[in-house]
Structures are given as structure tokens and as C-alpha cells.
Visitor: 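This is the structure, below, for whatever I ask next.
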Amino acid sequence: MALMSSAQLGFILLVATASLLQVSEAKTIVVGGSKGWRFGFNYTDWALKNSPFYINDELVFKYDPPSRTNSGYSVYLLPNLWSYITCDFSKAKILASETQGKGEGFKVALNQWRPYYFASGKKDGYNCKNGLMKLFAVPLPRWNY
């Protein structure tokens with residue numbers, strides 16, 4: 001029988017500990033606060049000021065449907081950091097259309113310990129590139145004390 005290396009054992013213990021120490025009490029966080037999901041707001045700065053986010057927290061994207069003054073917004077999940085940096089939507093998954101942000105907004109649960117890259121994909125990435133409509137979140141485990 002082969003023995004595990006100390007690195008393998010350490011990794012298994014880390015993952016097991018993280019999953020056991022999660023607390024089910026999650027927060028609901030409106031992206032952008034009272035400003036919501038809109039063109040020209042710096043969500044990177046907002047995320048830094050409102051972090052950390054935790055596993056099972058729920059992000060709410062609230063935005064107005066398209067109008068004469070608003071070309072419309074959406075919420076995409078980008079697959080990786082490079083797609084996020086370059087606003088490349090070629091392999092992105094749409095999570096919310098132009099109309100799903102009204103009222104109570106569109107909710108996304110951060111249910112895994114991994115990076116999440118969100119962006120508005122309207123106008124061929126213009127909202128992402130020029131409107132700063134992108135958000136990066138890495139939820140942390142909640143620790144029981």
C-alpha cells in the first residue's frame with residue numbers, strides 16, 4: 001500500500017478543514033451598494049472596500065432595463081483572469097439578461113472556493129472595457145471560533 005506524501009496529506013486536510021468550518025450564515029450583498037450595477041462605476045474599487053466575500057454569500061446585481069438613457073446591461077461569468085482583464089466574452093456564460101436586474105435584481109451564490117469573474121457583456125464588451133462594469137470575487141471559507 002502506497003503512503004501519501006506530506007504535501008498530499010496537507011492538501012487533503014486543508015480542503016477537509018475548510019469544508020467543515022463553513023458556517024451556513026451567508027450575507028446578501030448588493031453589487032455597487034445603492035448605486036447598483038451601472039456604467040462608469042469602479043467595481044474593482046468597490047469590491048476591495050467591501051471584501052472579503054465568503055462562501056455561500058450571495059451577490060445581487062440590480063440594474064435598470066434598457067431605456068433612452070441606458071443601452072442595457074447584463075451579467076456574464078467569465079472563465080478566467082485573462083478573459084476578465086481583456087473583457088473577452090468568447091467563452092463566457094450569460095447569467096442575467098438585460099431585464100433580469102430590475103426589481104429585486106439577479107442573485108448569484110458564491111458557493112465554491114474559487115475566483116468568480118463577472119462583467120457586463122453589452123455592446124461587444126464596451127460596458128466592461130470602458131464602463132468598468134466588471135467584478136472579481138474570491139470567496140473565503142467562514143471559520144468557526
Side-chain angles (χ1 to χ4, degrees), residues 4-5 7-144:
M4 278 193 260
S5 72
Q8 290 170 320
L9 182 59
F11 178 76
I12 290 170
L13 287 174
L14 176 67
V15 170
T17 302
S19 64
L20 289 174
L21 296 178
Q22 290 180 39
V23 175
S24 62
E25 293 181 36
K27 291 183 182 178
T28 300
I29 303 147
V30 176
V31 174
S34 62
K35 304 286 185 189
W37 187 237
R38 65 181 178 88
F39 189 87
F41 187 82
N42 189 332
Y43 292 96
T44 301
D45 185 51
W46 175 86
L48 290 172
K49 290 177 181 174
N50 288 277
S51 60
F53 302 111
Y54 293 96
I55 294 173
N56 294 325
D57 280 353
E58 193 171 62
L59 296 181
V60 181
F61 291 85
K62 290 186 176 188
Y63 49 94
D64 294 328
S67 67
R68 281 187 230 145
T69 59
N70 162 6
S71 65
Y73 309 127
S74 58
V75 180
Y76 278 80
L77 181 64
L78 302 171
N80 54 50
L81 181 60
W82 183 250
S83 295
Y84 174 80
I85 291 169
T86 61
C87 293
D88 175 9
F89 290 84
S90 62
K91 295 182 181 169
K93 176 183 176 185
I94 189 159
L95 300 179
S97 70
E98 296 175 345
T99 59
Q100 288 179 278
K102 66 183 178 183
E104 295 296 311
F106 179 79
K107 298 175 182 177
V108 178
L110 303 176
N111 56 13
Q112 295 178 23
W113 189 16
R114 67 172 188 89
Y116 289 83
Y117 305 100
F118 301 104
S120 178
K122 288 300 296 171
K123 299 178 84 174
D124 294 324
Y126 183 83
N127 288 350
C128 178
K129 293 174 189 167
N130 297 2
L132 304 174
M133 292 187 75
K134 57 185 180 178
L135 172 68
F136 169 48
V138 180
L140 302 173
R142 292 186 193 273
W143 305 106
N144 259 341

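Each residue takes its place number in the sequence, starting with 1. Owing to the predicted nature of the structure, the values given are computational and were not obtained by experimental measurement.
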Visitor: For Lys27, is there any backbone N or O sitting under 3.5 Å from a side-chain donor or acceptor partner on Asp57?
Guide: yes

Visitor: Hey, what do you get for CZ (Phe39) to OG (Ser71), rounding to the nearest 0.5 Å?
Guide: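 So the CZ of Phe39 and the OG of Ser71 are separated by 8.0 Å.
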
Visitor: Contact between Phe89 and Ser83 at the side-chain level, heavy atoms closer than 4.5 Å - yes or no?
Guide: no

Visitor: Give a yes or no on whether the backbone of Gly121 and the side-chain of Tyr73 come within a donor-acceptor separation of less than 3.5 Å.
Guide: no

Visitor: Is there a donor-acceptor contact under 3.5 Å from the side chain of Lys134 to the main chain of Tyr84?
Guide: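 Such a contact is found between Lys134 side chain and Tyr84 backbone.
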
Visitor: Shortest non-hydrogen contact from Gly40 to Leu132?
Guide: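 In terms of heavy atoms, the two residues are closest at O-CD1, 4.4 Å.
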
Visitor: Supply the atom-to-atom distance Arg38 CZ to Ser120 OG, rounded to the nearest 0.5 angstrom.
Guide: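 Rounded to the nearest 0.5 Å, the CZ-OG separation comes to 13.5 Å.
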
Visitor: Step by step, would you call Tyr116 with Leu77 a side-chain contact (heavy atoms from CB on, under 4.5 Å)?
Guide: CA-CA 7 Å; Tyr116 289 83; Leu77 181 64; 4.2 Å; yes

Visitor: Stepwise, does the side chain to side chain donor-acceptor pair (under 3.5 Å) test hold for Asn70 with Ser67?
Guide: CA-CA 5 Å; Asn70 162 6; Ser67 67; 4.8 Å; no

Visitor: Could you tell me if the side chain of Ile55 sits less than 4.5 Å from the side chain of Leu140, heavy atoms only?
Guide: no

Visitor: Can a cation-pi geometry be assigned to Lys102 and Tyr63, taking NZ or CZ under 6.0 Å from the six-membered ring centre and within 45° of the ring axis?
Guide: no

Visitor: Between OG of Ser74 and CG of Asn127, what distance do you get to the nearest 0.5 Å?
Guide: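 CG of Asn127 is found 7.0 Å from OG of Ser74.
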
Visitor: Asp88 and Thr86: side chain to side chain donor-acceptor pair (under 3.5 Å), yes or no, with the steps?
Guide: CA-CA 5 Å; Asp88 175 9; Thr86 61; 4.9 Å; no

Visitor: If I take atom CG from residue Asp64 and atom NZ from residue Lys62, how far apart are they, to the nearest 0.5 angstrom?
Guide: 11.0 Å

Visitor: Are Phe118 and Phe61 an aromatic pair, judged by ring center distance below 6.0 Å?
Guide: yes

Visitor: What I'd like to find out is whether the side chain of Leu110 reaches to under 4.5 Å of the side chain of Asn56, using heavy atoms alone.
Guide: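 They are not in contact (no side-chain heavy atoms under 4.5 Å apart), so the answer is no.
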
Visitor: Would you check if the side chain of Trp37 reaches a backbone N or O of Val75 as a donor-acceptor pair within less than 3.5 Å?
Guide: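 Judged by distance alone, no pair lies under 3.5 Å.
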
Visitor: Going by ring-ring contact (aromatic ring centres under 6.0 Å, His included), Phe136 matches just one of Tyr117, Trp46, Phe53. Which one?
Guide: Tyr117

Visitor: To the closest 0.5 Å, what do you measure between CG (Asn42) and NZ (Lys49)?
Guide: 8.5 Å

Visitor: To the nearest 0.5 Å, how far apart are OG in Ser97 and OH in Tyr76?
Guide: 9.5 Å

Visitor: Of the non-hydrogen atoms in Gly32 and Phe41, which two are nearest, and what is the gap between them?
Guide: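 Closest pair (atom of Gly32, atom of Phe41, distance): CA-CE2, 3.9 Å.
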
Visitor: Does Cys128 reach the side chain of Met133, with side-chain heavy atoms less than 4.5 Å apart?
Guide: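 In short, these two side chains do not touch, never coming nearer than 4.5 Å.
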
